[in-house]
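Some notes on the structure that comes next.
Naming: A, B, ... by sequence-line order, numbering from 1 per chain.
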Number of protein chains: 2
Amino acid sequence: MKLTSKGRYAVMALVDLARFDNINPVSLRDISLRQGISLDYLEQIFSKLKKNEIVKSIRGTQGGYVLNKNPNDIKLTNIFNAVDEKVKTVQCKKESKRGCNGKATKCITHNLWDELELHINTFFENKSLKDLLNNNKESRV
Amino acid sequence: MKLTSKGRYAVMALVDLARFDNINPVSLRDISLRQGISLDYLEQIFSKLKKNEIVKSIRGTQGGYVLNKNPNDIKLTNIFNAVDEKVKTVQCKKESKRGCNGKATKCITHNLWDELELHINTFFENKSLKDLLNNNKESRV
DNA sequence: ACATACCTGACCAAAATGGTCAAGTTTAGA
DNA sequence: TCTAAACTTGACCATTTTGGTCAGGTATGT
């Protein structure tokens with residue numbers, strides 16, 4: 001059970017963006033340099049963030065990205081959904097008619113995984129970009 | 001962020017085992033049939049569970065596996081650790097001296113991932129095999 | 001017009017996942 | 001004592017996911 005770096009990068013980049021986009025649009029190049037994330041990879045990630053209306057892009061010289069919402073209204077849930085970092089505990093959800101192993105019953109631990117998913121998602125829903133900004137004053141190592 | 005089936009299978013198998021091992025040792029073949037998990041794969045999983053003293057094996061005809069502890073004392077944490085299903089949010093933990101991206105600072109969201117790990121692990125530590133047994137009376141679909 | 005920055009899609013290597021296969025060893029019971 | 005059931009070990013492997021790179025674009029401020 002692990003977090004993929006696409007999800008991590010998306011959050012890191014957005015925190016970075018939130019810190020600097022008051023003044024000017026922030027170029028991916030800057031984020032890339034500051035956060036140590038490959039520029040090409042960032043472009044993929046921001047393409048998705050844009051589709052999900054979390055950021056806006058401004059083209060041309062001095063262009064870059066800007067948040068499209070108040071940091072308080074951008075929850076981790078929104079970010080993770082945007083980059084397809086979903087919390088998946090069981091696959092059997094889709095075949096809704098049937099039980100889990102093709103049998104007529106739910107798999108013996110089905111309720112547990114539902115609980116787990118809920119537990120994690122609750123965490124993501126209660127955490128906004130703003131929380132992260134506040135929480136990040138004293139992070140020197 | 002997803003749960004691997006090794007972890008899921010381990011829990012499913014142990015719940016199955018806990019239900020039936022009062023009378024006789026339970027063979028992997030039976031678990032395989034009841035839970036729809038490949039026998040060969042179960043063997044890999046139980047080899048790890050045994051090393052971690054969660055189950056005992058009894059060889060020979062009519063042999064099989066038995067729980068090695070009270071269901072109340074087997075937490076999800078123990079099971080997941082046994083089969084290497086760890087919760088990993090950041091890689092940067094190991095290089096403890098340095099920060100995250102090889103820089104002198106923690107990555108901007110480091111605290112967040114720590115919190116998340118804690119949040120998930122707490123769930124696993126508070127859940128025992130016994131809880132699952134009780135919770136599983138009415139699981140028909 | 002040109003540099004900067006976004007945009008798009010193809011491509012790819014490495015690791016993880018989710019197993020299978022083969023060849024044992026051990027032991028209860030007929 | 002023979003044999004079948006069951007555990008044991010370790011090699012192997014196909015597929016998917018991950019974490020990118022590369023090669024081209026297109027838009028726009030100056």
Review item, nucleotides 28-30 of chain C N/O atoms under 3.5 Å of protein N/O:
{"unit_1": "dA28(C)", "atom_1": "N3", "unit_2": "T61(B)", "atom_2": "OG1", "d": "3.3"}

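The residue Y65(A) sits close only to the backbone: its heavy atoms come under 4.0 Å of sugar-phosphate atoms, none of a base. Note on Y9(A): only backbone sugar-phosphate atoms sit closer than 4.0 angstrom, heavy atoms only; bases stay farther off. Heavy atoms of V26(B) sit under 4.0 angstrom from primed sugar atoms or phosphate atoms, though from no base atom. Note on K51(B): nothing from the nucleic acid sits closer than 4.0 angstrom, heavy atoms only.
In this structure, N68(B) contributes its side chain and K56(B) its backbone to no donor-acceptor pair below 3.5 Å. Side-chain atoms of D131(B) come within 3.5 Å of backbone N or O of S128(B) as a donor-acceptor pair. With hydrogens and angles ignored, the 3.5 Å screen pairs no side-chain donor or acceptor of N121(A) with any backbone N or O of L118(A).
In this structure, the NZ atom of K6(B) is 14 Å from the C1' atom of dA15(C), given to the nearest Å. Protein atom OH of Y41(A) is 16 Å distant from nucleotide atom C1' of dT8(C), rounded to whole Å. Remark: P of dA5(C) and CD1 of I31(A) are 12 Å apart, rounded to the nearest angstrom. As a whole-Å value, the separation of L39(A) CG from dA5(C) C1' is 9 Å. For the pair K48(B) NZ and dT8(D) C1', the interatomic distance rounds to 15 Å; values are reported in whole Å. One interatomic measurement links the two molecules: CD1 of I37(A) to C1' of dT18(D), which rounds to 15 Å at whole-angstrom precision. One interatomic measurement links the two molecules: CD1 of I45(A) to P of dC7(C), which rounds to 15 Å at whole-angstrom precision. Rounded to whole Å, the distance from CG on L42(A) to C1' on dC6(C) is 12 Å.
Side-chain to base pairing of E43(A) with dC7(C): one donor and one acceptor N or O lie within less than 3.5 Å of each other.
Rounded to the nearest 0.5 angstrom, I45(B) CD1 and D84(B) CG are separated by 11.0 Å.
At least one side-chain nitrogen or oxygen of K50(A) sits closer than 4.0 Å to the OP1 or OP2 atom of dC7(C).
Place Q44(B) and Q44(A) on DNA chain C by their nearest nucleotides, and Q44(A) ends up nearer the 5' end. Heavy-atom nearest nucleotides on DNA chain C were determined for S27(A) and for M1(A), and the one closer to the 5' end corresponds to S27(A). Heavy-atom nearest nucleotides on DNA chain D were determined for D40(B) and for R29(B), and the one closer to the 5' end corresponds to R29(B). Closest-nucleotide positions on DNA chain D for S47(B) and T4(A) were compared, and the one nearer the 5' end corresponds to S47(B).
Residue L28(B) has its side chain nearest to dC7(D) when only dG18(C), dC7(D), dT21(D) are considered. Taking the side chain of S57(B) as heavy atoms from C-beta on, and the options dG19(D), dG19(C), dC7(D), the nearest nucleotide is dC7(D). Side-chain atoms of S5(A) lie closest to dG20(D) of the nucleotides dC6(C), dG20(D), dA16(C).
A salt bridge links K127(A) and E115(B); the closest N-O separation between the charged side-chain nitrogens and carboxylate oxygens is under 4.0 Å.
By the 30° and 60° cut-offs, the orientation of the rings of Y9(A) relative to Y41(A) is perpendicular. F80(A) and F124(A) have perpendicular rings, their planes meeting at more than 60° on a 0 to 90° scale where under 30° would count as parallel.
Residues V26(B) and V66(B) have side chains not in contact (no heavy-atom distance under 4.5 Å, counting atoms from C-beta outward).
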